[in-house]
Amino acid sequence: MAEWFSRFYDILMDPLERRGMREIREELVSRATGVVLEIGSGTGLNFPYYEHAEEVIAIEPNPQMRSRSMNRRRESRVPIQVMDSGAELLPFADNFFDTAVATLVFCTIPDPKRAFQEISRVCKPDAKVLLLEHVRLDHPVVGKIQDWVTPLWKRVCDGCELNRKTAEVLQQEGFKVIRRQTHCRGLFITLEAGNGKMV
Ligand SMILES: C[S@@+](CC[C@H](N)C(=O)[O-])C[C@H]1O[C@@H](n2cnc3c(N)ncnc32)[C@H](O)[C@@H]1O
């Protein structure tokens with residue numbers, strides 16, 4: 001990862017956080033219960049919003065991001081551990097977690113299908129998955145602009161792709177969408193989904 005991205009991540013996010021992203025995070029993350037897996041926790045922007053979780057085990061492959069999340073981890077209302085792992089190979093037993101949370105991560109994960117398969121494996125059959133992602137719009141012009149901008153954006157922003165169709169991939173991997181909300185004219189979505197796997 002470009003070191004500048006982790007160094008300036010919170011500063012870059014601040015205008016968006018002030019314009020409503022905090023409330024979206026709070027509403028989503030406060031729904032996490034039981035033993036929670038957070039995927040790609042970055043600088044820990046979600047950590048203040050865990051209220052009902054028993055404990056949170058967060059994975060984050062980038063050491064600078066992990067280290068920047070430590071103050072928020074310490075100030076959290078619930079116990080949080082942050083581990084070094086990517087989402088495509090999770091170091092956990094099957095059927096371990098009650099909730100999985102991922103925010104602004106599936107735009108960057110190199111193999112999102114594999115990551116969803118792993119989340120399904122480590123989550124209980126009745127677990128919920130809470131997602132906040134930016135996605136490709138169906139709009140004929142804006143969607144094309146997202147496609148054109150993505151190669152440059154991806155190089156500058158640590159692998160982030162603006163034109164992912166994360167909700168579709170989630171459903172292809174067997175998750176059942178229970179609740180879907182759109183934000184900023186559909187550029188961002190929040191989803192609550194059930195793990196579709198059999199007991
Ligand atoms: C845009 S940041 C989002 C951070 C945080 N979730 C948030 O909402 O602010 C994307 C994060 O995904 C992490 N990431 C990249 N590849 C990943 C992977 N394969 N598995 C898990 N996390 C990954 C990055 O290191 C980075 O911290």
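In this text the structure is predicted, and so the values were computed from the model without any measurement. Whatever order the structure lists ligands and atoms in, that order sets their numbers, starting from 1.
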Of all the atoms in ligand 1, which lie at a distance below 4.0 Å from a heavy atom belonging to N62? 25 (O)
Write down the atom of S85, the atom of L89, and the distance for their closest heavy-atom approach. OG-O, 3.4 Å
Could you tell me how the ring of W4 sits relative to the ring of F8: parallel (under 30°), tilted (30 to 60°) or perpendicular (over 60°)? tilted
With a cutoff of under 4.5 Å between side-chain heavy atoms, which Ile, Leu, Val, Met, Phe, Trp and Tyr residues group with V149? V141, I145, W148, W153, L162
Between F106 and R164 the two heavy atoms that sit nearest each other are O-NH1, 2.5 Å
Taking only non-hydrogen atoms of M65 and a 4.0 Å limit, the atoms of ligand 1 in range are 27 (O)
Closest heavy-atom pair and its distance - K124, F96: CE-O, 3.8 Å
Just to be sure I read this right, does ligand 1 sit under 4.0 Å from the backbone of L45, its side chain, both, or neither, counting only heavy atoms? side chain
Please classify the M13 to ligand 1 contact at 4.0 Å (heavy-atom distances, strictly less than): side chain, backbone, both or neither. neither
For E88, is at least one N or O under 3.5 Å away from an N or O on ligand 1? yes
Does P110 reach ligand 1 with a nitrogen or oxygen that is under 3.5 Å from one of the ligand's nitrogen or oxygen atoms? no
In Å and rounded to the nearest 0.5 Å, what is the CD to OG1 distance from E38 to T103? 5.5 Å
In this structure, CZ of R68 is separated from CD of E60 (nearest 0.5 Å) by 12.0 Å
Out of curiosity, I24 CD1 to Y49 OH, how far, rounded to the nearest 0.5 Å? 11.0 Å
Report the part of P61 (side chain from C-beta onward, or backbone N, CA, C, O) that has a heavy atom under 4.0 Å from ligand 1; answer both or neither where that applies. side chain
Does S85, backbone or side chain, put an N or O under 3.5 Å from an N or O of ligand 1? no
Output yes when the distance from some N or O of ligand 1 to some N or O of R25 is under 3.5 Å, and no in every other case. yes
Numbered atoms and elements of ligand 1 in range of T103, under 4.0 angstrom, heavy atoms: 3 (C), 5 (C), 6 (N), 7 (C), 8 (O)
Can you list the ligand 1 atoms lying under 4.0 Å from a non-hydrogen atom of Y9? 1 (C), 2 (S), 3 (C), 4 (C), 7 (C), 9 (O)
So the atoms of ligand 1 within less than 4.0 Å of a heavy atom of G86 turn out to be 20 (N)
Once salt bridge (Lys or Arg N to Asp or Glu O under 4.0 Å) is applied, do any residues pair with E27, and if so which ones, sequence neighbours excluded? R31, R179
Decide whether an N or O pair under 3.5 Å exists between A87 and ligand 1. yes
Please confirm whether T108 comes within less than 3.5 Å of ligand 1 when only nitrogen or oxygen atoms on both sides are compared. no
Atoms in ligand 1 with a heavy atom of L104 nearer than 4.0 Å: 1 (C), 2 (S), 3 (C), 10 (C)
Shortest non-hydrogen contact from N95 toward P125: OD1-CD, 3.9 Å
